Amino acid sequence: MEIIPSIDLLGGCCVRLYQGDYERVTKFNGDLVKQALSWQEQGATRLHLVDLDGARSGEPLNDACVQAIAGALDIPVQLGGGIRSAERVEVLLGLGLDRVILGTIAVEQPELVADLAARYPGKIIVGIDSRDGLVAIRGWSDQTNVEAADLARQISSYNIAAIVSTDITTDGTLAGPNISALRIMANASSVPLIASGGVGCMADLLALTSLEPYGVSSIIVGRALYGGQVNLAEAIRYISDGRLQDAINLNPSLA
């Protein structure tokens, strides 16, 4: 199980939103490259970026930051947020990103996702952000009537690399992931599922590792890392050693 730290970009800073609300934002770090290097030094094998400006407006406001981060790291970097055209995908891959995450266009232009997955093998991920089982698009501002599991079932047939499943109601809350929703999504998908949203402690990571047999391959962690509820280096070490439960038993404060 891979633990992927997240950096959410807004106005050139590292931030976190509470349940996707742009009015409830917490700023953590203005030195994005330094923060990215810190996660790499602690053992991260991949970095997840979210362009919140792009997700909301569709405008490429953070490309300089993205290029600087990708250029500074030795590990692969993936990004989602506001990627709504083939031209944008080409630009971002040209900035040094390993994979790009498509969200809105998976609902509005699924045939384009299929084309891009064929054109860039292993480079295309689909992000499915949902609230109460229904997909939200355009930076979570527009709610659709599309069932998240139905979209996962459809889109995973397009030879994409993975699906990032984010439960909006838990994202940024530290209240714990929506395990039942993730299990439904994993069962619907025929590609690896990346879990996102709600991790608040090491016990949450343990709960998510139980979904690995269903196809959950990775966990994105954001606010819990910045708030110190989860230590990245420890989490990676304990999971790789298969000792996460032992660690919690020895130190109940981790839960």
Side-chain angles (χ1 to χ4, degrees), residues 2 4-10 16-17 19-20 22 46-58 60 62 66 76-86 88-89 92-93 97-110 112-114 116-117 120 122-131 133-144 146-172 177-178 181-182 184-186 188-199 215-222:
E2 184 180 36
I4 307 175
S6 176
I7 294 180
D8 291 5
L9 307 172
L10 185 67
R16 292 298 291 173
L17 305 184
Q19 295 183 333
Y22 282 79
R46 177 174 294 274
L47 180 67
H48 180 76
L49 300 180
V50 181
D51 184 352
L52 292 172
D53 292 300
R56 180 166 55 175
S57 68
N62 292 296
V66 171
V77 180
Q78 63 190 38
L79 177 139
I83 307 170
R84 297 168 191 164
S85 69
R88 183 69 179 138
V89 169
L92 287 170
L93 291 176
L97 293 176
D98 175 62
R99 303 192 297 194
V100 295
I101 303 163
L102 311 180
T104 297
I105 66 170
V107 175
E108 297 182 341
Q109 303 178 69
L112 179 57
V113 175
L116 289 168
Y120 302 106
K123 300 293 186 181
I124 303 299
I125 299 175
V126 168
I128 301 180
D129 306 327
S130 61
R131 186 185 287 111
L134 297 177
V135 177
I137 60 175
R138 301 191 180 280
W140 302 349
S141 61
D142 295 349
Q143 188 73 44
T144 74
V146 177
E147 294 279 350
D150 289 344
L151 181 60
R153 197 171 291 110
Q154 172 194 356
I155 218 76
S156 61
S157 68
Y158 292 168
N159 199 32
I160 59 175
I163 289 174
V164 176
S165 179
T166 302
D167 182 81
I168 297 169
T169 59
T170 64
D171 193 72
N178 189 334
L182 285 166
I184 290 170
M185 291 292 288
S189 172
S190 59
V191 299
L193 195 79
I194 302 172
S196 175
V199 171
V216 176
S217 63
S218 309
I219 306 167
I220 293 172
V221 186

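The structure displayed is predicted, hence computed values, not measured ones.
Residues satisfying the salt bridge (charged side-chain N to carboxylate O under 4.0 Å, His left out) criterion with Asp98, sequence neighbours excluded, are Arg46, Lys123. Evaluation of the side-chain contact (heavy atoms from CB on, under 4.5 Å) rule for Ser190 yields Ser156 as partners, not counting sequence neighbours. Partners of Thr104 under the side chain to side chain donor-acceptor pair (under 3.5 Å) rule, at least two apart in sequence or in another chain, do not exist in this structure.
Between Ala161 and Val191, the closest heavy-atom pair is O-CB, 4.4 Å. The heavy-atom pair separating Ala149 from Ala188 by the smallest distance is O-CB, 3.5 Å. Residues Pro110 and Tyr158 share a closest heavy-atom pair of O-CE1, 3.4 Å. Taking every heavy atom of both residues into account, Glu147 and Gly133 meet most closely at OE1-O, 3.5 Å. In terms of heavy-atom proximity, Met185 sits nearest to Ala152 at CE-CB, 3.9 Å. Across Pro177 and Leu182, no two heavy atoms sit closer than the pair CB-CD1, 4.3 Å.
Within the model, atoms OG of Ser165 and CD1 of Ile194 stand 10.5 Å from one another, a figure rounded to the nearest 0.5 Å. Separating the CG atom in Leu47 from the CD1 atom in Ile7 is a distance of 4.5 Å, to the nearest 0.5 Å. Annotation: the span from Ile219 atom CD1 to Ser6 atom OG amounts to 13.5 Å, rounded to 0.5 Å. Atom CD1 of Ile220 sits about 3.5 Å away from atom NE2 of His48, to the nearest 0.5 Å. Distance check, rounded to the nearest 0.5 Å: CG of Asp171 to CG of Asp8 gives 7.5 Å. Residue Leu112 holds its CG atom at 4.5 Å from CD1 of Ile105, rounded to the nearest 0.5 Å.
For the pair Glu108 and Arg138, the salt-bridge criterion is met [side-chain N within less than 4.0 Å of a carboxylate O].
Within the 4.5 Å cutoff, the side chain of Ile163 has no heavy atoms near those of the Leu151 side chain. Val100 places none of its side-chain heavy atoms less than 4.5 Å from the side chain of Leu79. Looking at heavy atoms from C-beta onward, Asp51 lies out of side-chain contact with Val66 at the 4.5 angstrom threshold.
Each of Val135, Val146, Ile137, Leu193 was scored for a side-chain contact (heavy atoms from CB on, under 4.5 Å) with Ile128, with one residue passing: Val135.
Proximity of a side-chain donor or acceptor of Ser196 to a complementary backbone N or O of Val164 within less than 3.5 Å is not detected. In this structure, the side chain of Thr166 does not engage the main chain of Ile168 through any donor-acceptor pair within 3.5 Å.
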